[in-house]
Amino acid sequence: SDGRTIGCLGLVWDTLDDTLSLGFEDSFYLKRLKGQKPVHNQDLADPSVIAAALKEGHLTRAGVLSRVAEFYDPCGFWEPIKLQMKLALQPLNGLNWSDPIPADHHEEWIRLFSLMAETKSAKISRCILPPDCVHPINIRLLCLADAAANACGTEVYAGVARLDGS
């Protein structure tokens with residue numbers, strides 16, 4: 001802890017702003033060698049670096065899956081982005097783990113890794129009760145679900161009465 005942030009279930013809780021953000025580290029594409037620390041010189045947050053890593057064959061099916069697995073979001077705040085990544089992994093199922101990502105998938109992974117890097121700076125308020133709620137214990141829940149051929153989703157909304165009657 002740096003005195004301001006605390007790790008909590010894969011997220012980072014900023015105790016001063018009372019916000020949550022994703023807790024994954026920057027990613028570097030160079031392979032690790034047994035017994036040696038990897039040399040970190042190219043961050044996968046930059047689209048041109050992602051494109052070069054894909055073109056040079058440095059990003060394999062295993063490497064991409066590993067990066068997607070780092071996107072740990074137990075509350076589901078960023079699940080729409082993670083779902084896009086999981087769906088993009090499906091066409092790679094026929095590859096060996098050490099095979100590079102095929103060229104016809106490069107643009108999609110450049111977009112997804114760039115989007116993942118952008119989400120790292122996003123913050124969500126931990127407490128979402130409005131300051132003018134009448135009774136925070138009396139909460140109305142609205143549960144929704146939807147499904148498609150490749151995925152399904154659920155949402156739960158909580159509503160409280162406010163001083164103005166809304």
Side-chain angles (χ1 to χ4, degrees), residues 2 4-29 40 42-55 58-95 97 99-131 133 136 139-160 162 166:
D2 58 9
R4 178 183 176 118
T5 60
I6 298 171
C8 179
L9 289 173
L11 301 174
V12 176
W13 173 29
D14 186 321
T15 58
L16 298 180
D17 295 340
D18 202 15
T19 57
L20 297 170
S21 59
L22 289 169
F24 60 83
E25 298 294 323
D26 292 337
S27 182
F28 302 92
Y29 68 80
H40 299 306
Q42 301 283 335
D43 184 10
L44 284 178
D46 180 357
S48 64
V49 172
I50 300 167
L54 285 164
K55 186 177 180 182
H58 291 295
L59 287 175
T60 63
R61 176 182 175 214
V64 168
L65 178 62
S66 174
R67 186 64 177 152
V68 172
E70 289 179 33
F71 204 117
Y72 185 66
D73 177 23
C75 298
F77 297 129
W78 293 276
E79 195 59 34
I81 297 166
K82 189 171 181 181
L83 176 62
Q84 291 177 53
M85 297 177 96
K86 287 179 176 180
L87 291 174
L89 282 169
Q90 288 179 347
L92 306 179
N93 281 342
L95 299 175
W97 291 110
D99 286 347
I101 303 302
D104 56 330
H105 295 276
H106 287 189
E107 288 302 317
E108 183 172 27
W109 284 105
I110 292 168
R111 181 183 66 80
L112 291 171
F113 279 145
S114 298
L115 187 59
M116 185 178 178
E118 289 172 23
T119 62
K120 189 172 180 179
S121 61
K123 293 185 175 194
I124 294 179
S125 293
R126 186 181 64 88
C127 182
I128 55 172
L129 288 173
C133 68
I139 296 176
R140 178 183 54 144
L141 295 179
L142 178 62
C143 304
L144 304 169
D146 195 12
N150 294 324
C152 64
T154 60
E155 300 89 27
V156 177
Y157 295 96
V160 293
R162 299 177 85 165
S166 63

Check your understanding: Can we say D14 and R126 salt-bridge, meaning some charged N sits less than 4.0 Å from an Asp/Glu carboxylate O?
Key -> no
Practice item. Side-chain contact test, heavy atoms from C-beta onward, threshold under 4.5 Å: evaluate it for L95 versus P102 and give yes or no. Key: yes
Point to revise | Euclidean distance, M85 CE relative to L112 CG, rounded to 0.5 Å | key: 5.5 Å
Check your understanding: With a 4.5 Å heavy-atom cut-off, do F113 and L54 have their side chains touching?
Key -> no
Exercise for review: Name all residues meeting the side-chain hydrogen bond (donor to acceptor under 3.5 Å, both in side chains) criterion together with S48; count only those two or more places apart in sequence or in a different chain, and write none if there are none.
Suggested key: D46
Check your understanding: Could you walk me through whether F77 and L22 pass the side-chain contact (heavy atoms from CB on, under 4.5 Å) check?
Key -> CA-CA 10 Å; F77 297 129; L22 289 169; over 6 Å; no
Exercise for review: Kindly check if the number of other-residue, nucleotide or ligand heavy atoms within 6.0 Å of CD1 (I128) is above 12?
Suggested key: no
Review point. Is it true that a side-chain atom of H106 and a backbone atom of I101 form a donor plus acceptor pair closer than 3.5 Å?
Key: yes
Study note, to complete from the structure: Hits for side-chain hydrogen bond (donor to acceptor under 3.5 Å, both in side chains) against S121, two or more places apart or cross-chain, chain-then-number order -> none
Review point. For V12 and K123, what are the C-alpha separation, side-chain angles and deciding distance, and is it a side-chain contact (heavy atoms from CB on, under 4.5 Å)?
Key: CA-CA 9 Å; V12 176; K123 293 185 175 194; over 6 Å; no
Point to revise | Contacts of R111 that satisfy salt bridge (charged side-chain N to carboxylate O under 4.0 Å, His left out) - sequence neighbours left out | key: none
Check your understanding: Are the side chains of W109 and L59 in touch, meaning some heavy atoms are under 4.5 Å apart?
Key -> no
Check your understanding: Looking only at heavy atoms, what is the nearest atom pair of S21 and A122, with distance?
Key -> CB-O, 3.3 Å
Exercise for review: With W78 as reference, evaluate L83, L115, T119 under the side-chain contact (heavy atoms from CB on, under 4.5 Å) test and give the passing residue.
Suggested key: T119
Exercise for review: To the nearest 0.5 angstrom, please state how far the CE atom of M116 sits from the CZ atom of R67.
Suggested key: 4.0 Å
Check your understanding: Got a sec, which residues hit side-chain hydrogen bond (donor to acceptor under 3.5 Å, both in side chains) with W13, two or more places apart in sequence or on another chain?
Key -> D18
Practice item. Decide, yes or no, whether a salt bridge links D73 with K82 under the criterion of side-chain N to carboxylate O below 4.0 Å. Key: no
**Study point:** Check: S66 side chain, A62 main-chain N or O, donor-acceptor pair, under 3.5 Å
**Key:** no
Review point. After noting the C-alpha distance and the side-chain angles of E79 and K86, does the key distance pass the side-chain contact (heavy atoms from CB on, under 4.5 Å) rule?
Key: CA-CA 10 Å; E79 195 59 34; K86 287 179 176 180; 3.9 Å; yes
Practice item. Just grab all the side chain to side chain donor-acceptor pair (under 3.5 Å) pairs involving residues 140-150, residues at least two apart or on different chains. Key: none
Exercise for review: Quick one: list whatever passes side-chain contact (heavy atoms from CB on, under 4.5 Å) with L65, sequence neighbours left out.
Suggested key: L89, W97
Practice item. Kindly give the heavy-atom pair with the smallest separation between A88 and P91, and that separation in Å. Key: O-CD, 3.2 Å
Exercise for review: Start with the C-alpha distance between E155 and L144, add both sets of side-chain angles, then the distance that settles side-chain contact (heavy atoms from CB on, under 4.5 Å), and finish with yes or no.
Suggested key: CA-CA 5 Å; E155 300 89 27; L144 304 169; 3.4 Å; yes
